[in-house]
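These notes concern the structure reproduced below.
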Amino acid sequence: MKANRGRKTLGVLLAACMSLAGIPAESNMPQSVTALDAASCVFHSTFESGTEQWAARGSSTVSVSASKAYAGSQSLYVSGRTSAWHGAGYSLDSSRFAAGNTYSFGVKVMQNAIAAEDFKLSLQYEADGEPQYASVAQGSAAKGEWLTLANDAFEIPQGAENLLLYVETLENLTAFYLDDAAGGSAGMEYTVEANLRLGDTDRDGNLTLGDVDTLRYGLVCGGRLPTPETADLDSNGRLDAVDLTLLKRLVMNPPVEEEPQQPERVEGTWYNTADISWIDPSKPMVALSFDDGPVGIAATDSSIRIQNALADNGFHATFFYCVDLWGKRLNSTTEQEIIRAHSLGFEVANHTYSHPDLSNQTADFVKAQINDCAAELTRLTGLTDFLIRPPYLSTDANVQANAGAPLITCAIDSLDWNGATAQQMINTVTAKMNDGSLDNAIVLMHETYDATAEAVEYLAPMLKANGWQVVTISEMFRANGKDMYDGQIYRSAN
């Protein structure tokens with residue numbers, strides 16, 4: 001908490017000094033840490049006021065997100081992609097960007113789903129009436145880290161018309177965040193030092209008394225800061241004496257950063273490595289789970305509708321997959337659904353190889369059904385640990401003894417498998433939300449029904465509007481500080 005009295009006193013003293021220097025006491029600062037010359041910049045999209053003329057390209061969804069931002073408080077979230085070229089695009093003004101001339105373009109991108117993703121900043125245009133494409137910049141973004149895609153000397157091809165600058169991936173269907181996009185004259189500075197951080201007002205990569213002096217000079221004497229946003233320590237969009245005080249404290253008492261600790265592998269304990277950094281444990285949460293996939297990757301497929309509805313609201317869920325379900329075997333097309341689910345941050349889980357009732361079977365049969373499915377999921381995701389949902393929720397002591405992972409049933413059954421309509425499913429979840437029993441519950445659904453997709457398309461934004469979080473099963477247990485054990489049956493995290 002800030003001391004209001006101290007802020008007022010320091011503010012009055014500083015205001016007097018700044019007034020003599022002709023500087024507004026509380027001036028609005030730009031929202032980007034990118035150094036841009038206003039005279040050279042034609043457009044600069046920070047997404048603080050909306051999508052700012054960026055639009056979906058292909059089968060994708062773009063929306064403003066406050067969950068991640070390179071600078072300021074918002075970015076553009078691109079999700080629901082069903083092909084690598086689907087992404088987000090910005091139409092360039094032909095009166096400002098002329099064919100045959102050279103310009104600067106840059107954008108920041110970040111994904112939080114897989115270890116690394118290859119991104120590409122591209123230009124789509126027409127020449128002689130035919131669509132053409134040119135690469136502006138490309139690079140690989142590690143999970144959770146912002147990547148700069150920039151080119152300060154890109155020549156727009158001769159005869160090019162209808163210019164569209166866009167961001168895509170080279171292979172995967174990962175959802176991603178886009179921020180701080182700009183275009184302008186050739187040679188415009190865009191790339192920022194990788195070690196730039198809050199408080200580093202002189203951009204030397206270190207937090208020292210030199211940063212304090214730089215900020216003090218900027219406030220009192222009217223000096224220009226190289227990147228003013230690094231000095232906005234209280235993130236209120238302006239620079240004042242409070243920021244100077246906070247910077248002094250930061251320099252004199254730097255925080256001690258500890259290496260994150262991975263859970264230890266303990267025999268019989270589920271190795272839960274779910275990322276719960278985005279979850280607020282003080283808010284209610286529910287784990288929606290979906291059986292019997294994969295279905296497919298067409299935009300109209302129930303599976304993709306469900307994935308999109310969840311991703312568009314910043315949610316995760318658990319999908320239990322089979323390899324050979326009633327003669328419908330996993331193939332090169334349906335494999336992409338599993339890869340897409342994993343790239344969106346959803347939990348990929350095991351629903352056995354061919355969906356048999358595991359009860360009253362031999363130990364070898366149970367192990368083969370589970371291990372053969374796990375092998376395919378590992379091939380597609382690189383993961384090795386998968387929760388298990390036994391088909392028909394049927395278990396016995398033999399299944400528990402040979403599962404080798406937690407067994408997931410449910411606390412709430414949507415009854416979609418029994419013909420429940422979308423409205424009936426909505427009514428079920430809403431009633432459980434209102435009576436409190438939805439909190440930390442596992443909900444059984446199936447991705448194979450259009451009615452389920454319709455229900456999720458309503459429920460996801462409704463739950464979000466009511467302060468709920470839709471999370472994976474592993475995320476829910478870890479957020480609640482609860483362990484799971486191999487062979488044990490779980491219906492909720494309560």
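For clarity, every value in this text was computed on a predicted model and none was experimentally measured.
- Every ring pair (Phe, Tyr, Trp, His ring centres under 6.0 Å) that F176 has, sequence neighbours left out, goes to F119.
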Step-by-step side chain to side chain contact (heavy atoms under 4.5 Å, CB included) determination, E475 to I279
CA-CA 8 Å; E475 288 171 345; I279 297 173; 3.7 Å; yes
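- N480 is listed as a side-chain neighbour of M285, based on a closest heavy-atom distance under 4.5 Å.
- Of the possible polar contacts, one joining the T430 side chain to the I426 backbone as a donor-acceptor pair under 3.5 Å is found.
- In W417, the CH2 atom is not crowded: 12 or fewer heavy atoms of neighbouring residues, nucleotides or ligands sit closer than 6.0 Å.
- Between the T378 side chain and the L383 main chain, a donor and an acceptor come within less than 3.5 Å of each other.
- Between the Q111 side chain and the A141 main chain, a donor and an acceptor come within less than 3.5 Å of each other.
- By the 4.5 Å heavy-atom criterion applied to side chains, V295 and T334 are not counted as neighbours.
- A donor and an acceptor atom, one from each side chain of D292 and T448, are nowhere located under 3.5 Å apart.
- Partners of S332 under the side chain to side chain donor-acceptor pair (under 3.5 Å) rule, at least two apart in sequence or in another chain, do not exist in this structure.
- Aromatic ring pairs are classed by plane angle as parallel below 30°, tilted from 30° to 60° and perpendicular above 60°; the pair Y90 and F43 is parallel.
- Using a 4.5 Å heavy-atom cutoff, the side chains of T269 and D486 are not in contact.
- Of the N and O atoms on the side chains of Q400 and D396, not one donor lies less than 3.5 Å from an acceptor on the other residue.
- For the residue pair E337 and Y321, a side-chain donor N or O sits within less than 3.5 Å of a side-chain acceptor on the partner.
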Output, in order, the C-alpha distance, side-chain angles, deciding distance and verdict of ring-ring contact (aromatic ring centres under 6.0 Å, His included) for Y392 and H355.
CA-CA 8 Å; Y392 314 106; H355 203 276; 4.8 Å; yes
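- Both tests pass for K108 against the ring of Y70: distance under 6.0 Å to the centre and angle within 45° of the axis.
- Between the S303 side chain and the G296 main chain, a donor and an acceptor come within less than 3.5 Å of each other.
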Please evaluate residues S104 and F154 with respect to the criterion side chain to side chain contact (heavy atoms under 4.5 Å, CB included), reporting the C-alpha separation (whole Å), side-chain torsions for both, the decisive distance (0.1 Å), and the verdict.
CA-CA 6 Å; S104 296; F154 176 77; over 6 Å; no
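- Looking at Q138, its side chain never comes within 3.5 Å of a backbone N or O of S135 through a donor-acceptor pair.
- Between N112 and W278 the shortest side-chain heavy-atom distance does not fall below 4.5 Å.
- For the residue pair E126 and N162, the shortest heavy atom distance occurs at OE1-ND2, 3.1 Å.
- Taking every heavy atom of both residues into account, C322 and P294 meet most closely at O-CD, 3.6 Å.
- Remark: T472 OG1 to E347 CD distance equals 4.5 Å, nearest 0.5 Å.
- Counting all heavy atoms, side chain and backbone alike, S492 lies closest to N440 at CB-O, 3.2 Å.
- How far CZ of F386 is from CD1 of I408: 14.5 Å, rounded to the nearest 0.5 Å.
- No side-chain N or O of N172 forms a donor-acceptor pair with one of S343 less than 3.5 Å apart.
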Using the side chain to side chain contact (heavy atoms under 4.5 Å, CB included) rule, take L415 and T428 through it: C-alpha gap first, then chi angles, then the decisive distance, then the call.
CA-CA 9 Å; L415 296 177; T428 296; over 6 Å; no
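- Minimum interatomic distance between M433 and L463 (heavy atoms only, all atoms of both residues): SD-CD2, 3.8 Å.
- With no hydrogens or angles considered, no side-chain donor-acceptor pair links T409 and R389 at under 3.5 Å.
- At distances below 3.5 Å, at least one donor-acceptor pair connects side-chain atoms of T381 with backbone N or O atoms of L377.
- Shown are E447, H446, E454; of these, the side-chain contact (heavy atoms from CB on, under 4.5 Å) with I306 is made only by E447.
- In this structure a side-chain-to-backbone donor-acceptor pair under 3.5 Å is missing from D385 to Y271.
- Atom CZ of residue R478 and atom CE of residue M484 lie 11.0 Å apart, to the nearest 0.5 angstrom.
- Looking at L387 and S474, their side chains come closer than 4.5 Å, going by heavy atoms from C-beta outward.
- Considering OG of S79 and CG of N308, their distance stands at 6.5 Å, rounded to 0.5 Å.
- Within the 4.5 Å cutoff, the side chain of S289 has no heavy atoms near those of the V443 side chain.
- Inspection of the D435 and S437 side chains reveals an N or O donor paired with an N or O acceptor under 3.5 Å.
- The distance from atom CG of L123 to atom CG of L92, rounded to the nearest 0.5 Å, is 6.5 Å.
- Taking every heavy atom of both residues into account, A411 and A441 meet most closely at CB-CB, 4.0 Å.
- Taken from CG in D450 to CG in D301, the straight-line distance is 8.5 Å, to the nearest 0.5 Å.
- The shortest distance between side-chain heavy atoms of T395 and L358 does not fall below 4.5 Å.
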List the steps and the verdict of side chain to side chain contact (heavy atoms under 4.5 Å, CB included) for V167 and V78.
CA-CA 10 Å; V167 178; V78 185; over 6 Å; no
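- Enclosure of atom CD in Q53 is not indicated, since only 12 or fewer non-hydrogen atoms of other residues, nucleotides or ligands lie within 6.0 angstrom.
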Check the pair F290 / F320 against ring-ring contact (aromatic ring centres under 6.0 Å, His included), numbers first and verdict last.
CA-CA 6 Å; F290 301 88; F320 290 91; 9.8 Å; no
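- At a threshold of 4.5 Å between non-hydrogen side-chain atoms, the residues V136 and L149 do not count as touching.
- With hydrogens and angles disregarded, a donor-acceptor distance shorter than 3.5 Å links the side chain of R81 to the backbone of H86.
- For the residue pair N331 and T333, the shortest heavy atom distance occurs at OD1-N, 2.9 Å.
- Counting only N and O atoms by type, the side chains of T362 and D364 include no donor and acceptor under 3.5 Å apart.
- Side-chain N/O atoms of S359 and S394 include a donor and acceptor closer than 3.5 Å.
- Here the side chain of D312 pairs no donor or acceptor atom with the backbone of G80 at under 3.5 angstrom.
- No side-chain donor from either of S354 and D324 sits under 3.5 Å from a side-chain acceptor of the other.
- Between K143 and E117, none of the side-chain N atoms (NZ, or NE/NH1/NH2) sits under 4.0 Å from a carboxylate O, so this pair counts as no salt bridge.
- Under a 3.5 Å cut-off, the side chain of S414 and the backbone N or O of D416 do form a donor-acceptor pair.
- With Y77 as the partner, the ring-ring contact (aromatic ring centres under 6.0 Å, His included) test is satisfied by one option alone out of W54, Y177, F47: Y177.
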